[in-house]
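A, B, ... follow the sequence lines: proteins, then strands. Residue 1 opens every chain.
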Amino acid sequence: MRILSGDVKSHIGKKVRVEGWLHKKRLLGGLTFVSVRDRKGLVQVVVQDKDEVEKLRGLQIGTVLAVEGTVKDEPRAPGGAEIHEPTLEIMVPVTEESPIEIDKPLSHKSENLDTLFDNRVVGLRNLQETKIFKIRSELTRYIREFLYQNDFVEINTPKLVAGAAEGGAEVFKVDYFGQEATLAQSPQLYKQIMVGVFERVFEIAPAFRAELSATTRHVSEVTMLDIEMGFIKDHGDVMKMVQNMVYDVLNRVYKEHAEDLKSLNVPELILKPEFPSYTMAEIHKLFSKETGKDTSKEIDLTPEEEKWICEYSKKQNGCEAVYATNLPKSKMKFYHMANDDDTARSADLLFRGVEIATCPQREHRHDKVVEQMKAAGVDPTHPGFSHFLLAFKHGMPPHGGCGFGIDRFTEKVIGLANIKEAILFPRDINRLAP
RNA sequence: GGGCUCGUAGUGAAGAGGCCUAUCACGCCUCCCUGUCACGGAGGAGAUCGCCGGUUCGAAUCCGGUCGGGCCCGCCA
C-alpha cells in the first residue's frame with residue numbers, strides 16, 4: 001500500500017512503501033541519500049546496502065521507483081523523518097540525462113526563456129517551477145471559492161464562434177466545415193447573455209488573441225476569468241466585487257502559502273481593503289506633473305503610466321492595486337455604457353504595474369446597444385450579434401463585469417518578469433510547441 | 001509593423017584580434033568518502049564559439065549577410 005512523502009512522518013517505526021521519481025542521489029561512500037519526489041513533495045531514503053545502491057547505477061533523475069523500508073524519526077532529515085533499510089524497485093528506468101536541472105532554480109532571464117520553454121516538459125518538474133503552478137492553481141481555487149460564496153454560477157461558453165466577439169483585438173480564423181469561424185477572443189457576449197439567466201456568472205477559460213505583440217505581458221492564448229453580474233447600481237458595484245475578490249485571494253495566498261512565496265522571493269503584499277481609484281485624466285495629469293512627460297493627449301494609459309501609478313499608489317495610499325476609471329468614449333466598445341460626458345463607465349484594475357482586469361458597466365438597453373453597434377460599424381443582423389440582441393429584447397437588467405487575466409495575475413503575484421513564466425506551455429507569435 | 005539588442009559543451013556563464021590546443025560552475029562518467037540536504041575530494045568525457053561570406057599573416061573576437069531568440073514601442077488583456 002503506497003503512502004505519500006508528506007505522510008511519512010506520521011508512520012514512524014512502521015514499514016512503508018513510497019512511489020515516486022528519483023529526484024536526487026547523494027553517495028557518501030557507505031551511506032547513500034536518495035531523494036524521492038511524489039505529489040506531496042520529497043522524502044529522504046537512506047541506503048546502506050551495497051546491492052540496493054547498485055540498483056541505481058546508471059539511472060538518471062526521473063527514474064520511477066518504489067521504495068519499501070522502515071520510517072525512522074530523524075531530526076537531521078528534511079521533514080524530520082526518513083526511510084531506512086529500503087528495498088528499491090525500479091518501475092521505469094531512465095537512462096537519458098536530463099536536459100535541464102530539476103534540483104536547482106532554473107534561469108528565468110529573458111534571454112534564456114527560450115531554453116526554459118524548449119525543455120518545459122522536464123523543466124516543469126523543477127521544484128521552483130512546480131511552486132509557480134501550484135500557486136496558480138491555488139489562486140484560481142480561491143477565486144472560485146469567493147465567487148461561489150457570492151452566488152456566482154460557473155459557466156462554459158463556446159470558443160469556436162461565428163464572428164468577432166467585440167472588435168478591437170485581432171482574431172484567429174478557423175475553417176469550420178467550410179464556414180469561416182474564429183477562436184473566441186473573449187466570452188463577452190455569451191456571459192452577458194447568461195446574466196439574463198443566472199444574474200451572476202463567471203467563466204475561467206482560454207481566450208485567443210492574434211495580435212502581433214511581442215512584449216513581456218502578451219501571449220496569443222490567455223486564461224481569462226470573466227465575471228458578469230446583473231442588477232447593479234453602477235459599475236462601482238462591479239469594482240467593489242472585484243476588489244473584494246482580489247483582496248481576499250491575495251490575503252489567502254500570502255497566508256496559506258507564505259513559505260513557498262518566500263522561497264520564490266515574492267515581494268511583500270501592500271494592500272488596503274479599499275482600492276484607490278483615479279480617472280484616466282487624473283493619472284495623465286499626475287504623471288505629467290511628476291515626470292515632466294506630457295501624456296495628456298494619450299487616450300489610454302501608456303505602459304509607463306501603468307507602472308508609475310501603481311508605484312505612486314503604493315507610496316501614497318499603501319495599496320499596490322489601483323483602479324483607473326473613465327476611459328475616453330472614443331475607445332469604448334459598443335456594449336459598454338457611456339457616461340454623460342465623453343467618457344465610459346470603465347475601470348481598469350492595475351496591480352504591480354500592469355492592467356490585470358477591466359471592470360466596466362454594460363449598456364443594457366436594447367435600442368441603445370443597437371445604436372452603439374451601428375456607430376461602431378458592427379452589423380446587428382450578423383449571426384454573431386443577432387442572438388446577443390435577442391437576449392436584450394427579452395429583458396436585461398443593468399449589469400457589468402470584468403475580464404481578468406489569470407496569467408498576468410499569477411505573474412504579478414509571484415513577481416515574475418514575463419507573463420509566459422506563469423503559463424505551463426505559453427503560446428506567442430513564435431511558439432506553438434511544446 | 002517600427003526601434004534596440006543577443007546567439008560560446010546538455011544547462012548557466014567568462015573570453016572583446018595572437019595568452020584559445022576556448023575557461024569556469026552545474027549536470028554526466030570512474031574512483032574515494034557513514035549525516036548529506038546547492039555534500040565534499042581526485043580524475044575524465046563533452047563545443048567544428050548559430051550559419052554563410054569577407055577583412056587580416058592570424059577571427060569566438062572586426063565587417064556584411066542570413067537564421068533563431070530577447071526587450072521596448074505600437075496594438076491589446
By ring pair (Phe, Tyr, Trp, His ring centres under 6.0 Å), which residues pair with A/Phe404, not counting sequence neighbours?
A/Phe409
Which class fits the ring pair A/Phe275 and A/Tyr323: parallel under 30°, tilted 30 to 60°, perpendicular over 60°?
tilted
So, with a heavy-atom separation below 4.0 Å from RNA chain B, the residues of residues 78-96 of chain A are A/Pro78, A/Glu82, A/His84
With sequence neighbours left out, the residues meeting ring pair (Phe, Tyr, Trp, His ring centres under 6.0 Å) with A/Phe351 are none
For A/Ile270, is there any backbone N or O sitting under 3.5 Å from a side-chain donor or acceptor partner on A/Glu320?
yes
Quick one: label A/Ala207 by what it contacts on the DNA or RNA (base, sugar-phosphate, nothing), any heavy atom closer than 4.0 Å.
nothing
What distance, rounded to whole Å, do you find between the two C1' atoms, one in B/G46 and one in B/A22?
14 Å
Sugar-phosphate, base or nothing in reach of A/Arg431, heavy atoms under 4.0 Å
nothing
Under 4.0 angstrom, heavy atoms only, what part of the nucleic acid is A/Ile356 near: base, sugar-phosphate, or nothing?
nothing
Across all strands, who's sitting opposite B/C24 as a Watson-Crick or G-U wobble pair, both distances under 3.5 Å?
B/G12
If the P atom of B/U30 is compared with that of B/C20, how far apart are they to the nearest Å?
31 Å
If you look at every strand shown and take non-hydrogen atoms under 4.0 Å, does A/Lys25 touch a base, only sugar-phosphate, or nothing?
nothing
With C1' as the reference atom in both, quote the distance from B/G41 to B/U34 in angstrom, rounded to an integer.
16 Å
For B/C63 versus B/G17, give the span between their C1' atoms, rounded off to a whole number of Å.
13 Å
Examine the side chains of A/Thr291 and A/Lys289 and answer whether a donor and an acceptor come within less than 3.5 Å of each other.
no
In whole Å, what is the span from the CG atom of A/Asp103 to the C1' atom of B/C37?
9 Å
Does A/Pro303 reach a base, just sugar-phosphate, or nothing at all? Heavy atoms under 4.0 Å.
sugar-phosphate
Protein-to-nucleotide contact annotation, 5' to 3' order, nucleotides 10-16 of chain B [B base; S sugar-phosphate only; - none; under 4.0 Å, heavy atom]:
SSSS---
For B/C33, does either OP1 or OP2 sit under 4.0 Å from a side-chain N or O belonging to A/Gln48?
no
Any residue meeting side chain to side chain donor-acceptor pair (under 3.5 Å) with A/Ser5, in chain and number order, not counting sequence neighbours:
A/Asp38
Nucleic acid contacts - residues 213-221 of chain A versus RNA chain B, non-hydrogen atoms under 4.0 Å
A/Ser213, A/Ala214, A/Thr215, A/Thr216, A/Arg217, A/His218, A/Val219
Without decimals, in angstroms, what is the distance between A/Lys104 NZ and B/C26 C1'?
5 Å
Could you measure between the two C1' atoms, the one in B/C37 and the one in B/U48, and give it in whole Å?
40 Å
Using a cut-off of 4.0 Å on non-hydrogen atoms, how would the nucleic acid contact of A/Asp407 be classed: base, sugar-phosphate, or nothing?
nothing
